[in-house]
Amino acid sequence: KKFTNSVPYSLIGSFFFLIAPIFLFRLQWHYSLAGQWVLLFALYLGLTKKIDQAKWSWLFLIILSSLINVYYMGIISIVYSLFRIFNLKFEKESLFKLVKDFFIFAIPLLLTLYIVGYFEISPPDTLGLGYGVHKMNLLSMFDSASVNNSWSWFMPDIKLSEGEELEGFNYLGLGQIMMMILALALFLNKNNKQNLLSITKNKEIKIFLIISLFLTFWALSNKISFGSYTLVEIPLNKYVYGALSILKGTGRMFYIVNYLLVIIFMLIIFKCFDKKKSLLLITLFFIIQIADTSAGIKHRINMLTPINT
């Protein structure tokens, strides 16, 4: 609503997040990872608030996310830190203030981590196997399968590795894929250049896209694959590999990028059509999304239904 000033459009748009495959998928695997509202809150703060003026909200969110899942704490901390670093360039923020704020953030965060038991595990025990395995594939957004379960009635199962179909699962859904195709076509059309100025000139969106690029490469890991083909594999020093293995399920790092892309697609469509047409389009895409992902949604409902004994 901050960008569209349209309650109906924003309401229909919000429904996409309620049935997002990456959200519903986690209602089966690792329930804490279903707490993705913290990622949406981070997007809200980053896109609508001045980063230095909302720092206490960011501190609250980082501490809260540490109580939900370490991956979400990592993602949100990275987003906030990079936003503040980019502010050195865009807002001419002083380096001293940046370092001071990071130090202020570190004290309550480390105290919280200590109280809830993060440091009860020795550093070597936090390392694990799986970095470069539990990752995202370049085709993960279009792969409708997640560990022997299909999320689409229409999109085919792209044969990826088990790690990529589990931790790398990032299926958009047919409705959002069609939305993406339309948004890209509108964005590349020079006739829409003026309509999209509020997006292309938005500093927060630009910074978020740069951060998203960083998180995407992290999600892909040192082994970048396209389907069953390995395009690039970068050998890693054992100490670097060990450090990266702390957050070995790198496919999860793309969750916030997944949500950001959907928001941008919606904004592009809204800016290129009048309110009535854009609302009709977003409603059509939502209906397609429901129809497509109902395969996975039905499976989740069956899983959550109590068994009568």
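Only heavy atoms go into these numbers, but all of them, side chains included; no hydrogens, no water, no symmetry mates.
- One N or O on the side chain of Ser144 and one on the backbone of Met155 form a donor-acceptor pair closer than 3.5 Å.
- For Ile199, the side chain to side chain contact (heavy atoms under 4.5 Å, CB included) criterion is met by Leu196, Ile205, Leu267, Ile268, Lys271, not counting sequence neighbours.
- Applying the ring pair (Phe, Tyr, Trp, His ring centres under 6.0 Å) test to pairs two or more places apart or on separate chains, none has a residue in residues 37-56.
- Leu113 places a side-chain heavy atom less than 4.5 Å from the side chain of Ser66.
- Contact annotation: the side chain of Tyr72 approaches that of Ile75 to within less than 4.5 Å [non-hydrogen atoms, C-beta and beyond].
- In this structure, a donor-acceptor pair under 3.5 Å is present between the side chains of Lys135 and Ser225.
- The aromatic rings of Phe83 and Phe208 sit perpendicular, their planes meeting at an angle over 60°, well past the 30° parallel limit.
- To the nearest 0.5 angstrom, Phe169 atom CZ is 13.0 Å from Phe254 atom CZ.
- Between the side chain of Tyr9 and the main chain of Met266, a donor-acceptor pair closer than 3.5 Å is present.
- In this structure, Tyr131 and Tyr241 have perpendicular ring planes: the angle between them is above 60°, well past the 30° mark.
- Taking 4.5 Å as the limit, every side-chain heavy atom of Phe273 sits out of range of all side-chain heavy atoms of Asn195.
- With contacts defined as side-chain heavy-atom distances shorter than 4.5 Å, the pair Arg26/Tyr255 qualifies.
- The aromatic ring centroids of Phe3 and Phe270 lie 6.0 Å or more from each other.
- A search for side chain to side chain contact (heavy atoms under 4.5 Å, CB included) contacts involving Pro8 returns Ser6, Leu279, not counting sequence neighbours.
- At a threshold of 4.5 Å between non-hydrogen side-chain atoms, the residues Met253 and Ile78 count as touching.
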Go through Phe17 and Phe23 one step at a time and tell me if the ring pair (Phe, Tyr, Trp, His ring centres under 6.0 Å) criterion holds.
CA-CA 8 Å; Phe17 305 120; Phe23 163 62; over 10 Å; no
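- By the 4.5 Å heavy-atom criterion applied to side chains, Leu98 and Asn87 are not counted as neighbours.
- A chain of hydrophobic side-chain contacts below 4.5 Å, direct or via other Ile, Leu, Val, Met, Phe, Trp or Tyr residues, connects Tyr171 to Leu18.
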